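Here is the structure we will look at, set down as C-alpha cells.
Quick caveat, the model's predicted, so the values are computed rather than measured.
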Amino acid sequence: MEPPSAELIQALQTLKIANDRELQKCRTRVRRLSQGLPAFDSVWIDALVHIGVMTPFQARYFEQKRWSELQLTESLILRDQVHFDPVMPVFLAVDVESNTRCMVTRCDVDRADFEAVAIRLRTFRQARSDSHSAGTFFLDPEKRFVAQTRLAIEGESLERLLVRRGRFPEAVVRSIAVGVCDDFEQNGESHLHGDLRLSNLWLTASGRLELLNAGLFNLVSPTPTIHTKIPIDAYNGIAPERFESGQGVTVSTEMYAFGCLLWQLLAGRPPHALADPLAKIAAHRQKSIRDIREIAPDVSDQFAEFIAKLTHRQPLKRPKRWADARHMVAGMAKTPQARLKSFLHSFESAAPRNLGQTREKSSVPYAKISLTLSLTIIASILFWNRDQFNLPALSQVGAAVQPMSPEDFKPLVPLQTSTLEKSEETRTTEIRTAETSLDEEALPTFPVPNQEGVVLLDHVGPFKATSLHADEVLIIRGQAGIRPTIRVQGNNTILEAKTVLLENVQLEFIRSGEQEGAPRSVLQVVADEFRLNQSLVDGPEEALNQSLFSWRANGADTMASGRLLVSNIVVKSRRPLIESTTPLTTALFDNVLQRLNGPLLFLHGGVHAGLRVPIVLNHCSMVGPGPVVSVDRLGETASSGLLSLQGKESLLRTSGDVPLIGFHGDELSEVWSDHVEIAAQGLIVPQAGKLFGHRSGPQEPWGELSSQLVRVDGLLSGEFHFTEPGAGNGELLPVPQAVIDHLPVRLSSENPGFNFERFEASPN
C-alpha cells in the first residue's frame with residue numbers, strides 16, 4: 001500500500017488538520033479501498049473525511065491541491081462554508097492554537113480602494129472598540145481582501161429557517177423585532193450595522209438573536225452605487241435615499257432595512273419580488289412597499305402600521321431611535337427569548353427525507369386510518385408552529401425562495417454558455433404520422449400579425465407552423481372557446497421577436513413518412529422572453545435528447561434577456577419540452593403536467609461563474625420517471641455558477657435509476673456539487689427517488705451522484721401515483737389524476753400537483 005505523498009503530509013501538518021497518529025488510523029480504510037492497487041492521495045483524503053478529521057469542504061480543496069486557500073492567518077483554518085454569496089461568503093473556521101470555532105466573512109477589495117478601506121478600518125476600530133458584535137477585522141494586502149471574524153454561532157440564520165418554514169407567525173416576528181431593537185440599544189444609538197438582512201440574523205438554540213457582519217459592508221462600500229458589488233439578498237432592504245443621494249448608513253436607513261426584513265418574514269418573500277437587482281433598486285426608489293396585510297391578512301393592524309412606518313419612503317417619517325421602535329412592539333406574554341426558543345425547538349421535530357428503500361405498506365387498513373388521524377391531530381395542535389419534513393440542512397449554499405407570479409417575472413442572473421453541437425443519435429426512431437390524409441402543404445398557414453403583434457387563430461385548424469418575425473411582441477393566440485391545432489413539421493419554423501407568447505393552442509410535433517433519417521420536428525424560438533400558456537403539447541413518445549422547442553435569446557449579452565415562463569400546460573412527450581441554448585436568467589413552470597418522462601428543461605453547459613439561476617416549479621406534476629432538468633456537458637465548461645431548483649406544491653415522480661436532476665456528457669466536473677442546489681418550499685418526491693445522476697450517452701444507464709455535499713432544502717418524501725383516465729387512452733385530455741397514498745404534515749392546505757380546473761379557467 002502506497003503511503004501518502006510527502007506534499008500531502010506537509011500540507012496536513014502545516015494546516016494542523018491531521019497528525020501521524022490520525023494517518024495511521026486511516027490505513028485500514030485505505031487498504032480496503034485500494035484493494036491492492038496503488039493508493040493515491042485522493043484515497044487518503046477520503047479516509048480522513050471518513051474518520052472525521054477532514055471536512056468534505058476541505059477535501060475538495062485538497063483534491064485540487066488548493067489547500068493554501070484554506071489558511072487565512074497563521075492559526076485560522078477554514079473548515080466549512082455556511083453561507084454562499086459571490087460577494088460576502090461566510091465560512092466556519094477553527095483557530096488551531098486555541099481550538100476555538102469561528103465564523104469568517106470575507107470580502108474582496110479592489111486594488112484602487114485598498115488604502116481607503118485601511119483608513120476606514122482604523123477609524124472604525126476606534127469608534128467600535130466596545131461593541132460586542134463588531135468582531136475582529138483584518139486586511140490581507142497580498143490577496144487584497146478584508147475579513148471579519150467572530151466566535152461561531154450555534155444556531156441557524158433566519159434565511160434558512162424561512163426557507164424551511166415558509167413564513168413566520170406574527171408573534172415570532174414581534175419577538176425578533178424586540179431582539180433586534182434590544183441589540184441596537186445595547187450598542188448605543190450611534191451603532192450602525194449597515195447590512196441588515198436575513199442571512200446576517202442568526203437564532204441560537206437558547207432563543208437569542210445574533211447579528212453577523214456588523215459594519216463589514218459599510219467598511220468596504222460606505223456609499224454604494226448601481227455598479228457596486230452587493231450581496232444578492234442585500235437588495236431586498238436598501239433604503240431608496242442611499243442610491244438617490246449617495247447617502248451613507250444612518251439610523252433611518254437601518255430602520256428601512258429592518259422594516260423590509262420583518263415584512264419578508266411575515267410574507268415569506270421580499271417586499272419587491274423581482275429577480276433583477278437593478279429592478280429592485282428602481283422599485284425601492286419609485287414604489288411604496290405594500291401593506292403587509294395584503295399578503296398576510298392575519299397580521300394585526302398595530303404591527304402592520306409599525307412596519308409601514310419603518311418602510312416609509314420619506315426618512316423623516318420613520319422612527320428616530322431604536323428605543324421608540326422597541327416601545328412600539330412591546331407587551332407580549334412571553335419574553336422574546338423564550339418565544340424564539342420555543343419556535344426554534346419546533347424545527348427539531350422535523351423528520352429528514354429518507355433516501356433509502358421505501359418501507360413496505362401495511363396490509364391492515366386500520367393502520368392507515370390511525371396514521372391519518374394522528375397526523376391530522378398533530379397538524380391541528382401545531383397550527384402555525386408545524387414544520388415540514390425536510391432533508392437536513394447542509395452548510396454549502398443558502399438560497400431564499402421567492403414566490404413568483406407572472407407579474408413579478410424578472411431576470412435574476414445571466415447564464416453564460418455557448419451553443420454546443422449535439423452528437424448524432426445512434427439509432428433511428430419512429431415518429432407517429434399525421435392521423436389525417438390531408439396533404440401538409442395544403443394546410444392553412446398563420447395569419448399576418450396585427451399592429452400589436454397578435455396572430456389570432458379563429459378556427460380549430462389544423463394550421464401549419466410557419467416562420468414569423470416581429471420587432472417587439474409576437475403573440476400566437478387561439479380564439480376563446482376553442483383550442484386551435486398547430487402542426488410542427490421539420491425544424492425550419494422560426495418565431496422571432498423580443499417577446500414570443502403561444503397561448504390557448506394545441507401543438508402537434510409530427511413528420512410525414514416513416515423513412516429512416518426523416519427530420520425530427522423542432523419549433524425554433526428566438527426571443528429574449530419566451531412564454532407558453534394554457535396550451536396542449538403533443539410530442540413523440542420515443543426518448544431522445546432533441547427537444548420540442550429550441551430556444552435562444554436574441555439579446556444574449558443583456559440582463560433583460562433569457563426569461564422563460566411556462567404556465568397552465570399539459571405536455572405528452574418523451575423528448576425535452578424546451579432546450580435552452582441561450583443565457584438563461586429565470587425559468588418558471590407554473591401548473592404544468594408532464595405525462596411522459598421527458599425533461600421539462602434541457603440546458604447546455606453550466607451557468608455563469610458565481611451566479612445563481614433559479615428554475616421554479618409551482619403546482620407541477622411529472623407523471624413519468626424523468627429528470628426535471630437535464631444539463632449537458634457541465635464538465636467541458638471552464639467554470640460554472642449555481643443552478644437552483646426551487647418551487648412548491650409539485651409532485652415529481654422519479655423512480656428507479658432516473659434522477660431529479662441529470663447531467664449528460666463523457667466528463668463530469670469533479671466539483672459538480674458546487675454548481676447545483678435544491679431550495680424549495682415543498683417539492684414532493686418518492687422516498688426511494690434519486691436526486692442527482694450522470695450518464696455519458698442517451699442510451700446509457702443513469703449513475704447516481706451523492707447528494708451529501710449539495711445544499712438540499714424543502715423536499716418532502718411522499719407516496720403517490722397517477723391513474724390514467726382510461727385504459728390505452730392516447731389523447732392529451734382528460735388528464736391523469738394524482739392519488740396520494742401518504743404525505744407528511746405540510747404547512748400548506750393546498751392540494752399538491754397540477755390543477756386541471758385552473759388550467760381550464762386560465763384567461764386568454
Looking at side-chain heavy atoms only, is the closest gap between [X] and [Y] below 4.5 Å?
X: Ile615; Y: Leu617; value: yes
X: Ile230; Y: Pro277; value: no
X: Ile289; Y: Tyr256; value: yes
X: Thr105; Y: Asn200; value: no
X: Val94; Y: Asn99; value: yes
X: Pro169; Y: Phe343; value: yes
X: Leu652; Y: Ile684; value: no
X: Val178; Y: Arg326; value: yes

Is it the case that the side chain of [X] and the backbone of [Y] share a donor-acceptor pair, with hydrogens and angles ignored and the cut-off at 3.5 Å?
X: Thr253; Y: Val249; result: no
X: Glu254; Y: Leu196; result: no
X: Arg563; Y: Thr586; result: no
X: Arg79; Y: Leu92; result: no
X: Asp110; Y: Asp113; result: no
X: Asn591; Y: Asn755; result: yes
X: Trp263; Y: Arg290; result: yes
X: Ser342; Y: Arg339; result: no
X: Ser707; Y: Val710; result: no

Give me the atom names and distance for the closest heavy-atom approach of [X] to [Y].
X: Ala325; Y: Met255; answer: CB-CE, 4.2 Å
X: Leu266; Y: Phe303; answer: CD1-CE2, 3.7 Å
X: Leu265; Y: Val173; answer: CB-CG2, 3.9 Å
X: Val299; Y: Ile292; answer: CG1-CG2, 4.0 Å
X: Ala152; Y: Met103; answer: CA-CG, 3.6 Å
X: Ala304; Y: Asp291; answer: CB-OD1, 4.0 Å

Worked check of side chain to side chain contact (heavy atoms under 4.5 Å, CB included) between Arg293 and Asp301 = CA-CA 8 Å; Arg293 287 166 292 190; Asp301 295 342; 2.8 Å; yes

Check: [X]/[Y] side-chain N/O donor and acceptor closer than 3.5 Å:
X: Ser206; Y: Thr204; result: yes
X: Asp195; Y: Asn213; result: no
X: Arg318; Y: Ser252; result: yes
X: Ser300; Y: Gln302; result: no
X: Asp233; Y: Ser199; result: yes

Looking at Phe184 versus Phe258, is the centre-to-centre ring distance below 6.0 Å?
-> no

For the ring pair His284 and Phe243, is the centre-to-centre distance below 6.0 Å?
->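 No, too far apart.
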
Can you list the steps and then say if Lys309 with Glu305 is a salt bridge (charged side-chain N to carboxylate O under 4.0 Å, His left out)?
-> CA-CA 6 Å; Lys309 291 180 180 178; Glu305 293 170 1; over 6 Å; no

For the [atom1] atom of [X] and the [atom2] atom of [Y], what is their distance to the nearest 0.5 Å?
X: Glu185; Y: Asp324; atom1: CD; atom2: CG; answer: 9.0 Å
X: Phe137; Y: Arg122; atom1: CZ; atom2: CZ; answer: 15.0 Å
X: Phe217; Y: Thr228; atom1: CZ; atom2: OG1; answer: 6.5 Å
X: Leu645; Y: Leu660; atom1: CG; atom2: CG; answer: 5.5 Å
X: Ser157; Y: Leu201; atom1: OG; atom2: CG; answer: 9.0 Å
X: Thr311; Y: Lys317; atom1: OG1; atom2: NZ; answer: 12.5 Å

Under the side chain to side chain contact (heavy atoms under 4.5 Å, CB included) rule, what do Arg101 and Glu154 come out as? Steps first, then yes or no, please.
-> CA-CA 10 Å; Arg101 297 173 70 250; Glu154 301 298 333; 2.4 Å; yes

Is Arg106 close enough and on-axis enough to Phe145, meaning under 6.0 Å and within 45°, for cation-pi?
-> yes

Go through Leu219 and Gln148 one step at a time and tell me if the side chain to side chain contact (heavy atoms under 4.5 Å, CB included) criterion holds.
-> CA-CA 11 Å; Leu219 176 69; Gln148 183 184 35; over 6 Å; no

Pair Val180-Leu262, side chain to side chain contact (heavy atoms under 4.5 Å, CB included): steps then yes or no = CA-CA 11 Å; Val180 173; Leu262 299 179; over 6 Å; no

